Amino acid sequence: MTRHRTILSIDGGGIRGIIPAMILHHIETATGRPAAELFDLMVGTSTGGILALGLAQPGLEGSHHSRYRARDLADLYAQRGPAIFASSLWRRIRSVGGLFDESYPAGPLEATLEDYFGDSHLGACRCPTIVTAYDIEASQTVFLKSFKQEHAALRCSDAARATSAAPTFFEPVQVRLARDTRALIDGGVFINSPAVSAYAEALKLFPGDPITVLSLGTGELTRPIPVGRASRWGKAGWLLPVLNCVFDGVARAADYQMNLFLGQRYQRFQLALNDASDALDDTSPSNIAALFQAAADLISQERPRLDNMVAYLRSLHGFPPSLQGVINEP
């Protein structure tokens, strides 16, 4: 007997993780269920990986409830983001603005992840969860899977640290997997939007079952790169712009592919960052407020599609669909 499966995919984007967190807050509030009970698989890259792991955390002391809701994680970014993306004047001078060393020390990020994940391990996640990383020594893509025996004992804080080790921002992290030590960086270098890989994994986990994928972006880049200026750039000038181009280009390609694969059973929510900054590390109070406003604007603009997704999720979990336009079979 087949069962309808719903997959969550969350992009990378640093502090811009506020946007998908608030969309998920809307969905959790409308359904009355935590994300770990709404999705059969959650997959995230970088900041999306932190969100996926946070949403999958079990309650304390063996509780069968979720430890965090999406709003808790949005507040994490607002409250802890400024400390995570804080760099001393001496570090900025020594690194020449991040050209010769990482822009930020890893300590505040690691402390935050320790506080939120504690000793929780991947194998304890409430639903199948995957985060992406890249092994710079073995030149291999790495998918850290909560349901894979070799990964089950990995601490969630270490998995979150690996998937968010964005080049130029944070140093790589060494992670012990089975009998090997892997040198890992942010999975965004090869798959900033993990929707295609999430769908491929779902096909393996749930053969024959109908699959719907919900993909959440963190805002598209809006700052153009004038060709006259770029033509004078060398390696240093291209360092951050090319990283942004890779992240955005990969996400757009994944969106195109998923539309071909699933049509209406693929739903992506994304927006142009017209007022908020597209920088991964802009944690100024004004930009954090702008990111929350961008999320609110997206929810308002996409309300019909969000209502349809909510109705669909409610129908899968024992609620009678109270709204019209539930996602149809292809």
Side-chain angles (χ1 to χ4, degrees), residues 6-39 42-57 66-85 109 112-113 115-117 125-127 129-131 156 159-160 163-164 166 188 192-195 198 214-220 247 251 267-271 273 275-283 285 287-303 306 309-310 313:
T6 308
I7 313 305
L8 175 64
S9 169
I10 315 176
D11 290 12
I15 194 64
R16 288 155 35 198
I18 287 170
I19 294 171
M22 290 306 294
I23 296 172
L24 287 166
H25 168 59
H26 174 82
I27 291 172
E28 287 187 331
T29 300
T31 59
R33 299 286 185 92
E37 295 178 10
L38 295 172
F39 299 101
M42 298 194 294
V43 184
T45 288
S46 192
T47 199
I50 293 175
L51 287 173
L53 289 168
L55 294 168
Q57 290 302 291
S66 293
R67 183 174 182 181
Y68 301 117
R69 293 295 186 102
R71 180 69 209 214
D72 298 322
L73 300 174
D75 291 340
L76 178 158
Y77 287 99
Q79 295 165 7
R80 305 291 287 267
I84 292 171
F85 291 109
L109 172 61
T112 297
L113 298 176
D115 287 347
Y116 274 78
F117 294 112
C125 287
R126 293 199 64 207
C127 72
T129 305
I130 303 174
V131 299
C156 289
T163 193
S164 60
N192 200 50
S193 173
L214 171 62
S215 174
L216 301 180
T218 59
E220 293 180 331
F247 284 0
Q267 297 289 313
R268 178 161 171 82
F269 292 89
Q270 177 68 299
L271 78 163
L273 292 170
D275 297 314
S277 170
D278 59 28
L280 305 181
D281 57 346
D282 186 346
T283 57
N287 190 54
I288 287 177
L291 289 169
F292 275 102
Q293 185 59 52
D297 292 344
L298 177 61
I299 290 168
S300 177
Q301 294 162 10
E302 295 282 14
R303 192 58 181 265
L306 277 170
M309 177 57 69
V310 166
L313 291 169

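Computation of the quantities below employed the complete heavy-atom set of this structure, encompassing side-chain atoms and omitting hydrogens, waters and symmetry-equivalent molecules. Given the structure is predicted, the values throughout are model-derived calculations rather than measurements. One is the number of the first residue; the rest follow in order along the sequence.
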Could you check whether [Y] and [X], counting side-chain N and O atoms only, form a donor-acceptor pair closer than 3.5 Å?
X	Y	answer
Thr47	Arg16	no
Ser193	Asp11	yes
Tyr77	Thr283	no
Gln301	Asp297	no

For [X] against [Y], the heavy-atom pair lying closest together:
X	Y	result
Ile288	Ile15	CG1-CG1, 4.5 Å
Phe292	Ala74	CZ-O, 3.9 Å
Leu291	Ala276	CD2-CB, 3.7 Å
Tyr116	Tyr68	O-OH, 2.6 Å
Ala160	Ser164	O-OG, 2.7 Å
Ala36	Ala56	CB-CA, 4.4 Å

Nearest-0.5 Å distance, [atom1] of residue [X] to [atom2] of residue [Y]:
X	Y	atom1	atom2	answer
Phe269	Leu214	CZ	CG	6.5 Å
Gln79	Thr112	CD	OG1	10.5 Å
Ile27	Met22	CD1	CE	12.0 Å
Thr218	Leu280	OG1	CG	8.0 Å
Leu216	Leu51	CG	CG	9.0 Å
Arg33	Ser66	CZ	OG	11.0 Å

Side chain proximity check, [X] to [Y], heavy atoms < 4.5 angstrom:
X	Y	value
Leu55	Leu73	yes
Phe39	Ile7	no
His26	Leu306	yes
Leu273	Ile19	yes
Glu37	Arg126	yes
Gln270	Glu220	yes

Test item: [X] side-chain N/O and [Y] main-chain N/O as donor-acceptor pair under 3.5 Å:
X	Y	answer
Thr129	Cys125	no
Ser215	Arg268	no
Thr163	Ala159	no
Glu28	Pro34	no
Asn287	Asp282	yes

Task: Partner set under salt bridge (charged side-chain N to carboxylate O under 4.0 Å, His left out) for Asp75, not counting sequence neighbours - done: Arg71

- [ ] Only counting residues at least two apart or in another chain, list the ones meeting salt bridge (charged side-chain N to carboxylate O under 4.0 Å, His left out) with Asp115.
- [x] Arg80

TODO: Applying side-chain contact (heavy atoms from CB on, under 4.5 Å), run through Thr6 and Leu38 and close with a yes or a no.
DONE: CA-CA 8 Å; Thr6 308; Leu38 295 172; over 6 Å; no

